[in-house]
Structures are given as C-alpha cells and as structure tokens.
Amino acid sequence: MQLNDPRLFRQLAYVDGQWTAGRRNHDEPVLDPANGETLGHCALLDAEQITGAVTAAERAFAGWRALSVEERGRLLQRWYQLLHEHREDLAHLMTLEQGKPLRDARGEVDYGASFIQWFAEEARRAYGMTIPSHIPNALLGTLKEPVGVSVMITPWNFPLAMITRKAGAALAAGCPVIVKPANETPFTALALAELAERAGIPPGVFNVVTGEPATVSEVLCTDDRVRSVSFTGSTRVGKLLIRQSAGSVKRMSLELGGNAPFIVCEDVDVDEAARDAVAAKFQTAGQDCLAANRIFVHRRIYDRFLERFAVHMKALRVGSGMMEVDIGPLIHRRAVEAAQAIVDDALEQGARLVAGNQSMAPGANFFIPTLLADITPAMRVFREETFSPVAGVCAFDDDEAVVAAANDTEYGLAAYIYSNDVKRIWKMMRGLEYGMVSVNTLKMTGAPIPFGGVKQSGLGREGGAQGLEEYLDTKYFCLGNMPGPSGS
Ligand SMILES: NC(=O)c1ccc[n+]([C@@H]2O[C@H](COP(=O)([O-])OP(=O)(O)OC[C@H]3O[C@@H](n4cnc5c(N)ncnc54)[C@H](O)[C@@H]3O)[C@@H](O)[C@H]2O)c1
Ligand SMILES: N[C@@H](CC=O)C(=O)O
C-alpha cells in the first residue's frame, strides 16, 4: 500500500497503547471492494483480550477525567491537526477499503476531523446549574460528570466520521473510549489510533478493538464497567445491542437505518430539483443513511422530473474510487445481489425501468445507477432501505397524502422537501415524523447540528451540544445547613 507515511497502515488492534495481535495470530483478510484483492488483515481479538481493553479503559478513566478541559482540548486539537496533516493518506486508506471516490474520502476526512475540533471547544460549555432552593438554608445545583468507559460500534460506509462524531464527544467529556470498527474497514480506524497516540492521548484512553462482531459486542455490552454504548449501523443490529446491554442498564445512543423521503413540489425548478435528488440518492453509491430512498414528485411535473433525473443520473461515472468517478463499488458482492433483488421485486410488481443497465458494470461489486418509476408501497424499494444506487420515484397529488406516505415506514431519520412556498414547507415539515428535515438543500449535516432519528432510526443525538450530553451524567447536589440567605 503506497502511503506517504507507511506507519499509518496498521493491521493490529490498539489496546492500552499497545499494538495487539489476535491470539495465535488469529486474523481475517480485508478486501478492496473495487477488485477483490486482499489489502491486509485485521486482528481477531478473543473475548479475554476484549475484556482487557475494558480493564485498560477503566484504569485510564481517572487520569483522563482529572485533566482540565483545556488540557483535554489541547490533545484533541493536536489530534485534529494530525488528521489534516495526513488527510491524503487517510483518504487513500478509506478509498481502498471502503471504495468511495477519493474526492468523497477527502471530504469525509474534513467532515470527521471537524467533530474533534468542535467537541474540543464545546467541552468548555458543559455547564451545570444552580437551582433556587425550596429547602431552607440549602444550596442546590447540578454538575456534569463523564459517564465512564464508552464503547463505539461503527459501520463501514463512513469509516472515519462515524468514529470521530462519537469519540470526539466522549473524549472531550472525559470518557475513555473503545471503538469496534466494521471488519470491512478497520484500517481507517487504526490509522486514527496511530494519530491519537502521536497527539499524546494517553494509553487506554482511545482503544480500537477488532474481532468477530458478535463476540466483541457480547463482551462489551454485558460488561458492567462499560457505561455507554454508542452504535451506528443497521436497525437489526441496534436492537440486538439494546437486548445485550439491558442486563447492565447502559446509556445507549443509536444511529440506525433510514428510509428518507425526498418530496418535490410542482413550484420548483424541475431540473435543479432533479439534480439535487440524484446527488441525494447516489452519494456514497447510495450506501448512506441519508440517501433519498423514496422520491415523491408532484404529478404535474412528474414526467419532466423523470426525464431530467435520468439525464443527471446517466452522467454519473462508475468505477474504482481511485479514478475520477462519482460512484465506486458497493461494499461486497452480497450488496450487489441485494440491489438486484430489490430491482427485480419492483419490476415484478409493475414498476417501470427508466434507466439502468447492469450489464455495463465494470466489475463484480459495481452496480449501475438505476431509475425505477411508479413505485408503490407494496414494493421492497419503497419499504426497505435499499443502501444501493437504485432510485425509486412515484407521483403525488395532495400534500397531506404525501406526508402520510412519507411517514408510512418504521424509520424516521432524514427527510427532504423541495418547494418555494413557505407555508406549505412549514406544514409538511411539522407533519414529517423525522429527526432531520432538509429544505431545498442537500447539505444539512456538520459538527454543530444534532444528528439523529426518531422511531426505529435511533435514540439520542450526535454532534452539537446534544452530542456532548450523550457522554455526561447530571449529578444533583444539595448542600444543607448552609449559612446565609436561602432560596436565592
Ligand atoms: N443513522 C446514522 O447516522 C447512520 C450512519 C451510517 C450508517 N447507518 C446505517 O448503518 C447500516 C449500514 O451499515 P452496516 O451494514 O455496517 O450495519 P451493520 O449493522 O451490519 O454493522 C454495523 C456494525 O455492527 C457490527 N455488527 C454486525 N453484526 C453484528 C452482530 N451480530 N453483533 C454485533 N455487532 C455486529 C458490524 O461489524 C459493524 O461494526 C445502514 O442501515 C445505515 O442506515 C446509520
Ligand atoms: N451521511 C451521514 C452518515 C450516514 O450514513 C452523515 O453525514 O453523518
């Protein structure tokens, strides 16, 4: 692997400041999704080694929480700077293991780094409060304290930002962290560990464990010393982690699947809306929790929208992320088969194939952008998060009906509205059962905003002031029998 700094390519787990192999060198290959070649191996730690990571984090907790916010902030700022200095290497590692175009990978390094900087500053504002006393001669108030050892289980689609959005907050709050990245994309996470070490983050404070997912989660979610579990991934695995963590009643933050509606009203510029819908659908090859999954278009502009959508979609270049492309490979062959099954199901049930010819795919893991018109709620493309470059579009006539159709899902992460009528936008926005609604723009995320969903899309928020709260407990205090006036 050609990196400017070869030491960023780590194949061992990082526990208590030590690069750690699996017992008997137990490991598994990590493949380049663009060509199936082996990039390297990730260590498979056993249950005892995972427990060792909890012990290390628990040991490191006292020292880390005792640092002033300025000292923790300085270390995090140094980590942030190192991410920028090594932006090109991090982006290369990410493209190789995840497949996304290099341009997008660079964007993710910037996006991911921004969370570290944000939380390094935001930790200064972890204010408690004083409470006007109802008890004579007492002083009442609250303090914010770090929750303790925090576990982060993250997906392969955003191998860097899904870690830093959690770890930036937890570390800033004073919590030690154990990250379990997806086995498809461990190298970006391990490079983050290398840079955390160089930034001076002490041993045991930032750990990256790799292993068989079910074993790792079982050990971490059932260990009493782990006080918080933050997970980004599928709703299926999220539910499993809730069950595993129930026995020890942990704090849980869950960023789960989405099934985003993209609603286009008839008063918009049709070409611009179609261009944005294409971008919202095909970002990260459709493997994005914010991807427009169901596109609802007012009947008056339906045909023209489909025509413009197809034009913009066909302009997307598909190929290895190392080349000048817009869409890289899907993460593995199973994802290609799943996308094809969703297309087949829709066609069998009467959807219209407007564009998309899978015979043009440049390799086994690639899926050619596909446009299906006239989709209905009976189809999988409507009900499921497709997580692939398959776009499903249908027409609507009435605002109330389209909001009801958009809400007809167990998910509630993000929704999009395109219109120029402010009263109509407001009414729709209030009616949509989603954690995030983006109006006339695709760009809605960033470090200062509370990212998260409702319904089965998750619990809690990441980013913004709310993101820090996920790693803080509120301690109430009552100082009784104090001199002086009370209740003021
Ligand atoms: N809401 C968000 O912010 C957000 C962001 C990114 C991805 N996602 C969601 O993530 C999903 C895609 O990611 P994915 O395929 O990596 O999800 P996934 O649930 O399969 O995997 C996520 C993580 O869980 C681990 N895991 C898998 N099976 C497990 C098991 N049986 N026990 C314990 N851990 C297990 C994986 O190794 C990985 O680290 C999509 O549903 C997407 O919407 C959500
Ligand atoms: N695109 C999302 C991640 C979802 O997959 C983000 O911006 O955080």
Side-chain angles (χ1 to χ4, degrees), residues 28 30 42 44 50 98 100 104 107-108 110-112 114-115 151-166 178-186 188-189 208-222 229-245 253-260 279-280 282-293 330-332 334-335 338 384-388 409-414 434-436 438 442-447 449-464 467:
E28 79 177 21
V30 178
C42 85
L44 295 176
I50 305 292
Q98 201 282 336
K100 66 180 66 183
D104 294 359
E108 188 182 336
D110 297 342
Y111 177 53
S114 75
F115 291 105
V151 159
M152 287 144 204
I153 301 179
T154 56
W156 47 261
N157 64 340
F158 282 79
L160 190 145
M162 296 304 98
I163 294 176
T164 54
R165 187 158 68 189
K166 299 173 190 302
I178 302 171
V179 177
K180 204 299 277 170
N183 289 23
E184 291 87 343
T185 56
T188 308
V208 177
V209 296
T210 47
E212 198 279 308
T215 309
V216 179
S217 78
E218 167 80 24
V219 172
L220 294 175
C221 293
T222 55
V229 173
S230 178
F231 171 71
T232 297
S234 62
T235 297
R236 180 186 67 80
V237 174
K239 289 176 182 174
L240 185 88
L241 300 183
I242 295 174
R243 284 195 291 274
Q244 285 180 337
S245 303
S253 310
L254 301 172
E255 298 290 344
L256 308 177
N259 182 358
F282 297 105
Q283 50 195 328
T284 326
Q287 304 170 116
D288 191 314
C289 58
L290 301 181
N293 211 51
L330 301 192
I331 192 69
H332 26 52
R334 288 194 305 288
E384 296 176 22
E385 180 184 41
T386 58
F387 235 55
S388 65
T409 169
E410 67 270 30
Y411 295 109
L413 187 61
Y434 287 82
M436 299 178 284
S438 186
L442 302 178
K443 167 100 185 108
M444 65 164 123
T445 60
I449 68 110
F451 189 106
V454 299
K455 294 162 75 179
Q456 294 190 32
S457 284
L459 298 172
R461 292 294 179 269
E462 292 190 331

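Indexing begins at 1, ligand by ligand and atom by atom, following the structure's order.
- Those atoms of ligand 1 that come under 4.0 Å of a heavy atom in Phe451, given as number and element, are 2 (C), 3 (O).
- Here the CG-SG distance, from Asn183 to Cys42, works out to 4.5 Å after rounding to the nearest 0.5 Å.
- Here is the list of ligand 1 atoms found below 4.0 Å of a heavy atom in Leu256: 1 (N), 2 (C), 4 (C), 43 (O), 44 (C).
- The atoms of ligand 1 that sit less than 4.0 Å from any heavy atom of Pro181 are 39 (O).
- Nearest protein neighbour of atom 1 (N) of ligand 2, counting heavy atoms only, is Asp288 OD1, 2.9 Å.
- Scanning the protein heavy atoms around atom 7 (O) of ligand 2, the nearest turns out to be Tyr111 OH, 2.8 Å.
- Checked by distance only, ligand 1 and Thr235 stay at 3.5 Å or farther apart across all their nitrogen or oxygen atoms.
- Between Asn183 and ligand 1, no pair of N/O atoms sits closer than 3.5 Å.
- Ranking the protein heavy atoms by distance from atom 4 (C) of ligand 2 puts Cys289 SG, 2.2 Å first.
- Looking at heavy atoms from C-beta onward, Ile50 lies in side-chain contact with Leu220 at the 4.5 angstrom threshold.
- Close approach to Asn157 involves these atoms of ligand 1, each under 4.0 Å from a residue heavy atom: 6 (C), 7 (C).
- For the pair Asn259 (side chain) and Asn293 (backbone), a donor-acceptor distance under 3.5 Å is absent.
- Distances from ligand 2 to the non-hydrogen atoms of Met162 include at least one value under 4.0 Å.
- Closest to atom 8 (O) of ligand 2 among all protein heavy atoms lies Arg165 NH1, 2.8 Å.
- Some N or O of Thr154 is nearer than 3.5 Å to an N or O of ligand 1, by distance alone.
- No donor-acceptor pair closer than 3.5 Å links the side chain of Glu28 to the backbone N or O of Leu44.
- Heavy-atom contacts of Ile153 reach the following atoms of ligand 1: 23 (C), 24 (O), 39 (O) (cutoff under 4.0 Å).
- For ligand 1, the atoms closer than 4.0 angstrom to any heavy atom of Leu240 are 30 (C), 31 (N), 32 (N).
- Of the heavy atoms in Glu212, none comes closer than 4.0 Å to ligand 1.
- Side-chain contact check for Gln456 and Lys239: at least one donor-acceptor pair (N or O, by modelled atom type) lies under 3.5 Å.
- With contacts defined as side-chain heavy-atom distances shorter than 4.5 Å, the pair Met162/Pro155 qualifies.
- Residue contacts with ligand 1 leave out Gly458, since none of its heavy atoms falls under 4.0 Å from the ligand.
- Protein heavy atom at the shortest distance from atom 15 (O) of ligand 1 is Trp156 NE1, 3.0 Å.
- Contact annotation: for Glu184 versus ligand 1, there are no heavy atoms closer than 4.0 Å.
- Of the protein's non-hydrogen atoms, Gly233 O, 3.3 Å is the one closest to atom 9 (C) of ligand 1.
- The structure places CZ of Phe451 at 6.5 Å from OG1 of Thr445, a figure rounded to the nearest 0.5 Å.
- Close contacts between ligand 1 and Leu413 involve ligand atoms 1 (N) [criterion: under 4.0 Å to a heavy atom].
- In this structure, the side chains of Pro159 and Glu108 come closer than 4.5 Å at one or more pairs of heavy atoms.
- Scanning all protein heavy atoms for the shortest distance to atom 41 (O) of ligand 1 gives Glu385 OE1, 2.7 Å.
- Considering only heavy atoms from C-beta on, Cys289 stays 4.5 Å or farther from Glu255 through its side chain.
- Atom 37 (O) of ligand 1 has Lys180 NZ, 2.7 Å as its closest protein atom, hydrogens excluded (heavy atom only).
- A cation-pi contact, defined as under 6.0 Å to the ring centre and within 45° of the axis, links Lys100 to Phe158.
- Looking at Asn157 against ligand 2, only its side chain comes within 4.0 Å, counting heavy atoms.
- For the side chain to side chain contact (heavy atoms under 4.5 Å, CB included) criterion with Pro186, the lone passing option out of Val179, Thr210, Val209, Val208 is Thr210.
- Across the listed options Cys289, Gly452, Ser234, Ser234 owns the non-hydrogen atom lying nearest to atom 17 (O) of ligand 1.
- With a 4.5 Å cut-off on side-chain heavy atoms, Gln287 and Gln98 count as touching.
- Under the 4.5 Å side-chain criterion, counting only non-hydrogen atoms from C-beta, Thr409 is in contact with Tyr434.
- Of all atoms in ligand 2, listed by their number and element, those nearer than 4.0 Å to a heavy atom of Thr445 are 7 (O).
- Contact of the Thr232 side chain with the Glu462 side chain is registered, since non-hydrogen atoms from C-beta on lie closer than 4.5 Å.
- Ligand 1 places these atoms under 4.0 Å from at least one heavy atom of Thr232: 2 (C), 3 (O), 4 (C), 5 (C), 6 (C), 7 (C), 8 (N), 22 (C), 44 (C).
- Regarding atom 24 (O) of ligand 1, its nearest protein heavy-atom neighbour is Phe231 CE1, 3.3 Å.
- Under the 3.5 Å distance criterion, the side-chain polar atoms of Ser457 are matched with a main-chain donor or acceptor of Gly412.
- Regarding atom 27 (C) of ligand 1, its nearest protein heavy-atom neighbour is Val237 CG2, 3.9 Å.
- Distances from atom 13 (O) of ligand 1 to the protein include at least one heavy-atom value under 4.0 Å.
- Taking OG1 from Thr284 and CZ from Phe387, the interatomic distance works out to 8.0 Å, rounded to the nearest 0.5 Å.
- Of the inter-residue distances, the one linking Leu330 atom CG with Asn157 atom CG reads 12.0 Å to the nearest 0.5 angstrom.
- At under 3.5 Å, not a single nitrogen or oxygen of Ser457, backbone or side chain, sits near a nitrogen or oxygen of ligand 1.
- Side-chain contact between Leu256 and Tyr411 is absent, with no heavy atoms from C-beta onward closer than 4.5 Å.
- Considering each of Ser217, Ala291, Pro213, the one bringing a non-hydrogen atom nearest atom 26 (N) of ligand 1 is Pro213.
- In this structure, Tyr111 OH and Arg165 CZ are separated by 4.5 Å, a value rounded to the nearest 0.5 Å.
- Looking at ligand 2, you won't find any N or O of Gln287 less than 3.5 Å from one of its N or O atoms.
- Distances shorter than 4.0 angstrom do not occur between any heavy atom of Met152 and any atom of ligand 1.
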